[in-house]
S.K.: 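Here it is, the structure, as C-alpha cells.
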Amino acid sequence: MIKSSFRDDFSILAVTVTFVGAASLIGFIYYLDQQKASQQKKRQRAAVGKMAIGGPFSLITNERKPVTDKDFRGKWILIYFGFTHCPDICPEELEKLAEVTELLFRQKQKQPHPFQPVFVSVDPERDTPELITTYLKDYSPHFIGLTGTRDQVAEMCKHYRVYFSQGPKVGDDYIVDHAIVMYLINPDGEFVDYYGRNKNAKEVAYAIEQHMNAFKKKE
Ligand code: NI
C-alpha cells in the first residue's frame, strides 16, 4: 500500500512537473515569438525610415532665381508636381492647393513658420519660368513655381519618389503622366506627410495645421 501510494504521489508529481514544464516551455516559446515580432516591427520601421521621402534639390524659381532645398528651411512647404499643359488633373489639384493656402492663412492660431505652396514642373522643356508665372497667377498669388534642367527635375523627382513620363507626341503636343501627390515638408526640411486626390482642401489644411501645432509644441 505504501509503495503504491508513493507511486501515485510520484506520478501526480511527475504529471505536475511535466505540466508546469510544458506550460513554461509554451510560455517561453510565446515570449520568443513576441520578441521576434517586436524585432521585426523595429526592423520594418527602420526600413521605412531609410526609404525617406525628400532630399536636396537645385532648381530655379519662376522668377529665374536659383533655389535649393535649404532656401526653404524655416518654412512649411507643400509641394505639388505637375505641368502647365496638364488638361484636367493639375488644374483641379492647383485649385485645391490654392484653397488649402487660403485656409491656412486664415487660421486663428498664429504659426511661427510661414506656409509656402510650391509647384514643381515635370515638363521643364515647355514650362519656362515665364509660362509658369502666368499659369500660377490664375490660381494664387502665393505660389512659387520651380523648374530646371531635365536632369535637375528628374533628380528631385527621384528623391520625392514622384514618377513622371512623357507621353507620345501628337503634333507638338504631348501629355506628361505624373504622380498626383502633395508633400508636406517641415521647417527643418523633413518630409512629414502626403496628400493624394482623395483628400479635399479642408482635410489637407486641417492635417497640416495639426502638424504645425505638434511641431510648435516640440520647439
Ligand atoms: Ni497634371
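First listed ligand is number 1; within each ligand, the first listed atom is number 1. No experiment lies behind these values; they were computed from the predicted model shown.
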S.K.: Check Tyr195, Tyr80, Phe191 against Tyr183 for a ring-ring contact (aromatic ring centres under 6.0 Å, His included) and give me the one that passes.
M.R.: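 It is Phe191, the one option of Tyr195, Tyr80, Phe191 that forms the ring-ring contact (aromatic ring centres under 6.0 Å, His included) with Tyr183.
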S.K.: What protein atoms of element N, O or S are positioned under 2.8 Å from the Ni ion (ligand 1)?
M.R.: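 Listed by chain and number: Cys86 SG, Cys90 SG, His178 NE2.
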S.K.: Report the C-alpha distance between His142 and Phe115 in whole Å, list the side-chain angles of each, state the deciding distance to 0.1 Å, and finish with yes or no for ring-ring contact (aromatic ring centres under 6.0 Å, His included).
M.R.: CA-CA 9 Å; His142 305 293; Phe115 174 74; 9.4 Å; no
S.K.: Do we see a donor-acceptor contact under 3.5 Å between the side chains of Glu219 and His113?
M.R.: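 The criterion, which ignores hydrogens and geometry beyond distance, is satisfied for His113 and Glu219.
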S.K.: Hey, would you say the His178 and Phe83 ring centroids sit under 6.0 Å apart?
M.R.: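 When the ring centroids of His178 and Phe83 are compared, they turn out to be within the sub-6.0 Å range.
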S.K.: May I have all residue pairs that pass salt bridge (Lys or Arg N to Asp or Glu O under 4.0 Å) and include part of residues 109-131, sequence neighbours excluded?
M.R.: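 Qualifying pairs, neighbours excluded: Arg64-Glu130, Asp123-Arg126, Glu125-Arg150, Arg126-Asp173.
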S.K.: Looking just at side-chain N and O atoms, do Asp193 and His211 make a donor-acceptor pair shorter than 3.5 Å?
M.R.: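 Yes, side-chain donor-acceptor contact under 3.5 Å.
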